[in-house]
Amino acid sequence: MDGAPLPRDFFDGPVETVAPLLLGSVLVHATDEGTVAVRLTEVEAYAGPRDPASHAYRGQTARNAVMFGPPGHAYVYFTYGMHYCANLVCGPAGTASGILLRAGEIIGGEELAVARRPRSSVRDLARGPARLCNALAIARAENGLDVCDPDSPLRVLPGDRIDAAAVRSGPRVGVNGGKDTPWRFWIDGDPTVSVYRPHVPRRRTAARP
DNA sequence: ACGCCGATTTACT
DNA sequence: GTAAATCGGCGTG
């Protein structure tokens, strides 16, 4: 897995424009265990403070601070008490927009990815945002890394160009606000695209008599 | 095939 | 207190 990462200006544009162009690109994470690479097949765009579904909607906090920084950096957040999800910051600094990496196909280091996720089939290794982070060992330590830096352990490399006709879009997964915004993008027919689950409010888990 | 549920942190009301 | 950019296990059909 070699070659120059995507240039920073690739990410320096409207997030909903950049997100579909990111499909087919390759995210690489090198650790002391080895290197795993994933070809991105599904992403979601989140705009800044004007997008009710975005973590930046209510302004800057300690968690989302990276979103307010320069483009081309990884915003990794922890959710549901156990999972990590990764975004790539987009647009000019301060725009606070990001592209959630929802799914991909493992194209390098499959053995290591399987070792990290022994219960998953090969197809499921990075099929879902938290699974993708798990397979690539992306966690808190990777928050803020520059994916355009050739020396960074976490990088994004250009991939084969995806024909625009092969890119499909639809509503984002698991979000309440902005359901009418079709900012989920995926490669049509790719088996590693996550299964679409419409948002269903979960019943409260609290207070039982 | 599908539905329910628990795990358990973070941010916000 | 409670919902959240989730996942895997276990139940039922």
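Every heavy atom of this structure was used, including side-chain atoms; hydrogens, water molecules and symmetry mates were not. Numbered from 1 within each chain, the chains take letters A, B, ... in sequence-line order.
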So, is the end of the A/Arg172 side chain (NZ or CZ) under 6.0 Å from the ring centre of A/Tyr46 and within 45° of the ring's axis? yes
So, is the end of the A/Arg140 side chain (NZ or CZ) under 6.0 Å from the ring centre of A/Phe78 and within 45° of the ring's axis? yes
Going by purine N1 to pyrimidine N3 plus the second Watson-Crick contact, or the G-U wobble pair, all under 3.5 Å, which nucleotide sits opposite C/dA5? none
Paired with B/dT8 by Watson-Crick or G-U wobble geometry, both distances under 3.5 Å: which nucleotide is it? none
For [X] and [N], what is the distance between atoms [atom1] and [atom2] respectively, to the nearest whole Å?
{"X": "A/Phe78", "N": "C/dA5", "atom1": "CZ", "atom2": "C1'", "result": "14 Å"}
{"X": "A/Tyr57", "N": "B/dT13", "atom1": "OH", "atom2": "P", "result": "10 Å"}
{"X": "A/Leu125", "N": "C/dC7", "atom1": "CG", "atom2": "C1'", "result": "14 Å"}
{"X": "A/His55", "N": "B/dT9", "atom1": "NE2", "atom2": "C1'", "result": "12 Å"}
{"X": "A/Asn64", "N": "B/dT9", "atom1": "CG", "atom2": "P", "result": "20 Å"}
{"X": "A/Arg119", "N": "C/dT6", "atom1": "CZ", "atom2": "C1'", "result": "17 Å"}

Mind checking the CD-OG spacing from A/Glu16 to A/Ser169? Nearest 0.5 Å is all I need. 11.5 Å
Check A/Asp160 with A/Arg39, please: is the shortest side-chain N to carboxylate O separation under 4.0 Å? no
Distance check: side-chain N/O of [X] vs OP1/OP2 of [N], anything under 4.0 Å?
{"X": "A/Arg184", "N": "C/dA5", "answer": "no"}
{"X": "A/Arg102", "N": "C/dT6", "answer": "yes"}
{"X": "A/Arg140", "N": "B/dT10", "answer": "yes"}

Got a donor-acceptor pair under 3.5 Å from the side chain of A/Tyr77 to the base of C/dA5? yes
